[in-house]
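Data block below; observations after.
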Protein chains: 2
Amino acid sequence: MSQRPVRTDGPVPVYVQIADYIEADIKAGRLRPHDRIPTENAMHAEWGVARTTARRAVNLLRERDLVYTVPQRGTFVSPQ
Amino acid sequence: MSQRPVRTDGPVPVYVQIADYIEADIKAGRLRPHDRIPTENAMHAEWGVARTTARRAVNLLRERDLVYTVPQRGTFVSPQ
DNA sequence: GTACATTTGTTCGTATGTATA
DNA sequence: GTATACATACGAACAAATGTA
C-alpha cells in the first residue's frame with residue numbers, strides 16, 4: 001500500500017523517516033497550510049509503527065515549526 | 001459484583017481477558033445471536049477499565065467475527 | 001417538535017513496562 | 001547507560017447519530 005517504506009534495520013530512526021516523509025509532503029505542496037496531517041492512528045495503520053512512534057514523528061515536526069497541534073482535533077500544517 | 005476479575009499484573013492483556021469473557025458468554029449461549037453485548041460504558045463500570053480498553057476488547061471480538069457493531073446503537077452477537 | 005440521554009467514533013495527552021541496538 | 005520502538009492502559013474532550021421523554 002505505502003510507496004514509502006520505513007526501515008527499522010537502517011541508521012535513520014523510524015520516527016525521523018516518517019517526519020521526513022511528511023516534511024516532503026509539505027515542501028512539495030501536497031500538504032498545505034492548515035491542512036491536517038495524518039493522525040497518529042493513521043500513521044500507525046499506514047506504516048505499521050506504534051502510536052508512540054508516530055507521536056515522536058509529530059513532535060519532531062512541531063520542533064521544526066512545520067506543524068501545530070490542536071488537542072482532540074488533530075495536527076495541522078503551519079501557515080507560511 | 002463481577003465474579004470475573006481482570007488482572008493487570010498478569011501476562012494476558014486486560015482487553016484480551018474481557019474479550020475472552022464475552023466470547024465465553026457467546027459460546028455458552030448466555031449471549032445469543034443479535035443480543036447486544038455490554039456497552040463500552042457498561043464494561044467500564046463492570047471491570048473498572050478505561051473505555052478505550054473496553055473498545056479494544058470489542059475490536060478484538062469484531063476481528064474474531066463474533067460480533068458486529070451498529071454505530072450509535074451498540075454491538076451485537078453475530079448470527080450463527 | 002424539542003430536549004435530553006445514550007452510545008459509538010475519533011483524536012490527542014500521558015504513563016508504564018518490555019525489548020533491542 | 002542511552003536511544004529507539006513496541007504494546008498496553010489510563011484519561012479527556014468532542015462529534016454524530018439514535019432513541020426516548
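Every chain is numbered from 1 and lettered A, B, ... according to where its sequence line falls, protein lines coming before strand lines. Computed from a predicted model, the values in this text were never measured in an experiment. Worth knowing before you read on, the calculation uses all heavy atoms, side chains too, and leaves out hydrogens, waters and symmetry mates.
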Atom [atom1] of [X] to atom [atom2] of [N]: distance rounded to whole Å?
| X | N | atom1 | atom2 | answer |
| --- | --- | --- | --- | --- |
| A:N59 | C:dT14 | CG | C1' | 12 Å |
| B:L61 | C:dT8 | CG | C1' | 15 Å |
| A:R55 | D:dC10 | CZ | C1' | 14 Å |
| A:W47 | D:dC6 | CH2 | P | 13 Å |
| B:M43 | C:dT8 | CE | P | 8 Å |
| A:I18 | D:dC6 | CD1 | C1' | 13 Å |
| B:Y68 | C:dT8 | OH | P | 13 Å |
| B:E40 | D:dC10 | CD | P | 13 Å |

Find the partner of D:dG1: check Watson-Crick (N1-N3 plus N6-O4 or O6-N4) and G-U wobble (N1-O2, O6-N3) distances, both under 3.5 Å, and reply none if neither fits. none
Describe the nucleic acid contact of [X] in one word from base, sugar-phosphate, nothing, applying a heavy-atom distance below 4.0 Å.
| X | value |
| --- | --- |
| B:V14 | sugar-phosphate |
| A:T8 | nothing |
| A:V49 | sugar-phosphate |
| B:T52 | base |

Let's see if you can work this out: which of D:dT8, C:dT11, D:dG11 has an atom nearest to the side-chain heavy atoms of A:N41? C:dT11
For [X] and [N], is the shortest distance between a side-chain N/O and OP1 or OP2 below 4.0 Å?
| X | N | value |
| --- | --- | --- |
| B:Y15 | D:dT8 | yes |
| B:R56 | D:dA9 | no |
| B:T69 | C:dT8 | no |

Would you please name every residue forming a side-chain hydrogen bond (donor to acceptor under 3.5 Å, both in side chains) with B:D35, sequence neighbours left out? none
Can you list the residues that meet the side-chain hydrogen bond (donor to acceptor under 3.5 Å, both in side chains) rule with B:D20, with sequence neighbours excluded? B:R64
Qualifying salt bridge (Lys or Arg N to Asp or Glu O under 4.0 Å) pairs, either residue in residues 67-77 of chain A, two or more places apart: none
Do [X] and [Y] touch side chain to side chain, with heavy atoms closer than 4.5 Å?
| X | Y | value |
| --- | --- | --- |
| B:Q17 | B:V49 | no |
| A:I18 | A:R56 | no |
| B:R55 | B:Y15 | no |
| A:I26 | A:E23 | no |

My understanding is that only residues two or more places apart in sequence, or in another chain, count here; which of them pass side chain to side chain contact (heavy atoms under 4.5 Å, CB included) with A:A42? A:P38, A:T39
Result for 5'-nearest mapping on DNA chain C, choosing between A:T75 and B:R62, is B:R62
Anything under 30° is parallel, anything over 60° is perpendicular, the rest tilted; go ahead and classify B:Y68 against B:H34. perpendicular
Donor-acceptor pair between A:R62 and A:N59 side chains, under 3.5 angstrom: yes
Provide a list of protein-nucleic acid N or O atom pairs under 3.5 angstrom, restricted to nucleotides 18-21 of chain C.
none

So which protein N/O to nucleotides 15-17 of chain D N/O distances come out below 3.5 Å?
{"from": "D:dA16", "atom 1": "N3", "to": "B:Q72", "atom 2": "NE2", "distance (Å)": "3.2"}
{"from": "D:dA17", "atom 1": "O4'", "to": "B:Q72", "atom 2": "OE1", "distance (Å)": "3.2"}

